[in-house]
Enquirer: 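Please see the structure below; I have some questions.
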Amino acid sequence: MPSGGRVPDADFWENELEMPVRYWLEQAEDGRFMAGWVNGLKGPQVSVLHALLELTPVESTRQKKNDLRDKPELLKRFVPVGRFARSKSRVAVIEFAESVLALESMDLCRDGNDEFDVIALLFAIFDKNWKSLPTVFHLDKIHKSGFARMVLEKPPKRLDVSLGEFLTQTSLASHLARFDKTKNDGRISQMKSIIPRDGRYLVFIRRSERRDMLLQSTTVIHGFAPEWIILDFQEGAAKVNISSKSVSVPLEIANHIASAYFGRDVEYVNDREHSYTKQLRRLLSLLGNDKADELTLVEIAVDNGPLDGSPKIVLSRTEGSISSGIRHFEKAVGGIIEDVGHINHIKVLYRNKRVTLKFEQNDESDDEFVVRYSDHTLNEKERRLFEAFMSDSHGITILSTEKRNRR
DNA sequence: CCGCAACCTTGCCGAGTAGG
DNA sequence: CCTACTCGGCAAGGTTGCGG
């Protein structure tokens, strides 16, 4: 028997999952709509629903569909789930499914290519415990947006309470309420969830951001557009990765929470772990000669090129190395790859994705650079792999291009 | 029914720009 | 200077249409 009790109401779909659901709830009451809905289901989705409804096992997808068409009343609760699946990342759903579903349920969700069907997985997750869908909704976000890497310059010692014990829904909610009161900008922060993950703590906050309006029928409703703030606390809050739309308030919230935890005022600053010219020259030389394992140089942009008038130069290919192009250019005109300070950015192909790398020169020392990369193009797992790869193979610590600054 | 390819849409981000 | 807006790059999902 599925847990989670009663069926979720419209408010659950709309407020917790930010999904326009009323249309689908209405449609699901219509027999003709349901018949069409069943027709449109893919093989794995049919198998999962057939098993979830505990119908007498039959062989073909066609036969299972016939069985399902007789059960619109039992199926209608799955209709919004299909809509929820839209624009949810595969990685997020598969990873969560692996943590909650039995292996045999997972196997029903594979298609002919042995690939998981995301909608089928969500049907199973929903049936097992619909209250876990917000977790999927939240985790989906961490794969899509970039995170600014922030650190405390001198993290205080705090031994009596662990970060995990400190970070509870109720205590955070009251810290957020206090923050909103001091900030006094008419916006409200909502504590949505705290998800422990590999020794880190992901804190999801929804806060009203800019003033906005929408149409309900013909009436304008005034309010705020929501912003999602994700604080990824690590190493006992000595570090935090921040994802958000606005740049200053989320940092203030992180500072507020960390200050409450440590019992005194602390402030996060952008992480600035640097690399040296020599290391970067070595990396660029490997890339330029197609000798960097797992990486292909596909683009280089130089701000002050060797052409007359020093225009910006971009050498780029969609896929495939530009190394021969660079050699040709250097023979015909002059060097473009050896002066790290003049390089605006390069792009490398890593796991078939174009990742931008930028070398940010230190104001004080010409020899030091902060290496930043476009982390949002990689999903969360790939980011960790890429960072470890750059560190292990090239001794270069890379940080996200995302930054947060206090106004 | 299924797989595949081509094309379209969505969401995020950074660069550039106009207008205070 | 700051802010809001637009535009293009990019990944990845969605849709459609075709042939086995």
Side-chain angles (χ1 to χ4, degrees), chain A residues 18-20 36 38-47 50 58-66 68-69 82-95 109-122 136-137 140-149 185 209-212 225-230 241-250 296 298-303 312 314-319 344-360 372-383 386 399-407:
Chain A
E18 298 186 349
M19 199 184 96
V38 170
N39 280 341
L41 293 172
K42 293 251 166 82
Q45 300 159 11
V46 171
S47 299
H50 202 269
V58 287
E59 267 307 308
S60 71
T61 303
R62 197 181 297 258
Q63 187 57 48
K64 287 177 193 169
K65 275 193 179 181
N66 286 337
L68 291 180
R69 260 188 293 268
R83 181 59 176 70
F84 171 75
R86 206 158 143 172
S87 76
K88 298 298 172 292
S89 84
R90 297 182 57 77
V91 217
V93 175
I94 293 170
E95 196 183 77
C109 300
R110 292 179 200 272
D111 65 14
N113 267 348
D114 227 24
E115 300 274 345
F116 284 118
D117 182 305
V118 169
I119 298 177
L121 287 172
L122 284 167
V136 180
F137 179 54
D140 175 61
K141 296 176 185 302
I142 66 175
H143 298 280
K144 294 176 174 170
S145 65
F147 280 81
R149 316 297 160 97
D185 60 359
E209 195 210 0
R210 59 189 59 198
R211 292 190 182 278
D212 206 350
E227 148 176 66
W228 278 89
I229 300 170
I230 309 170
N241 292 348
I242 302 180
S243 161
S244 61
K245 188 156 186 299
S246 68
V247 286
S248 104
V249 167
T296 310
V298 290
E299 183 168 308
I300 183 168
V302 180
D303 281 332
K312 179 178 175 176
V314 180
L315 298 183
S316 181
R317 291 184 64 189
T318 322
E319 50 195 27
N344 177 289
H345 70 259
I346 63 170
K347 287 184 188 176
V348 296
L349 213 59
Y350 175 73
R351 302 191 153 220
N352 239 2
K353 293 181 181 178
R354 294 166 70 84
V355 181
T356 303
L357 286 168
K358 291 183 79 96
F359 311 115
E360 190 181 276
R372 300 190 174 277
Y373 78 109
S374 57
D375 58 344
H376 69 280
T377 51
L378 301 177
N379 70 44
E380 214 242 355
K381 204 168 273 176
E382 291 168 334
R383 291 171 203 176
F386 187 52
L399 302 168
S400 170
T401 48
E402 290 278 311
K403 290 182 242 178
R404 290 294 178 268
N405 293 300
R406 205 161 186 177
R407 284 276 142 68

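First the proteins, then the strands, lettered A, B, ... as listed; each starts at 1.
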Enquirer: Grab the N/O contacts between the protein and nucleotides 17-20 of chain B below 3.5 Å, and write none if there aren't any.
Expert:
none

Enquirer: Can you run down the salt bridge (Lys or Arg N to Asp or Glu O under 4.0 Å) pairs that involve residues 347-358 of chain A, sequence neighbours left out, and say none if there aren't any?
Expert: A:Glu299-A:Lys347, A:Glu299-A:Arg354, A:Lys353-A:Glu382
Enquirer: Determine whether the side chains of A:Trp228 and A:Glu209 contain a donor N or O and an acceptor N or O closer than 3.5 Å.
Expert: no
Enquirer: On a heavy-atom basis, which atom in A:Ala148 and which in A:Arg404 lie closest, and how many Å separate them?
Expert: CB-CG, 3.7 Å
Enquirer: Is there a donor in the side chain of A:Asn379 and an acceptor in the side chain of A:Arg90, or the other way round, less than 3.5 Å apart?
Expert: no
Enquirer: Can you tell me if the side-chain N/O atoms of A:Lys65 get under 4.0 Å from OP1 or OP2 in B:dC1?
Expert: yes
Enquirer: Looking at residues at least two apart in the chain, or sitting in another chain, which of them share a salt bridge (charged side-chain N to carboxylate O under 4.0 Å, His left out) with A:Asp140?
Expert: A:Lys144
Enquirer: Got a sec, which residues hit salt bridge (charged side-chain N to carboxylate O under 4.0 Å, His left out) with A:Lys403, two or more places apart in sequence or on another chain?
Expert: A:Glu360
Enquirer: Ignoring backbone atoms, test whether A:Lys353 places a side-chain nitrogen or oxygen under 4.0 Å from the OP1 or OP2 oxygen of C:dA12.
Expert: yes
Enquirer: By the 4.0 Å heavy-atom rule, please label A:Lys403 as base, sugar-phosphate, or nothing.
Expert: nothing
Enquirer: So which protein N/O to nucleotides 14-20 of chain C N/O distances come out below 3.5 Å?
Expert:
from	atom 1	to	atom 2	distance (Å)
C:dG14	OP1	A:Ser87	N	3.4

Enquirer: Among residues 372-381 of chain A, which contact DNA chain C at a heavy-atom distance under 4.0 Å?
Expert: A:Thr377
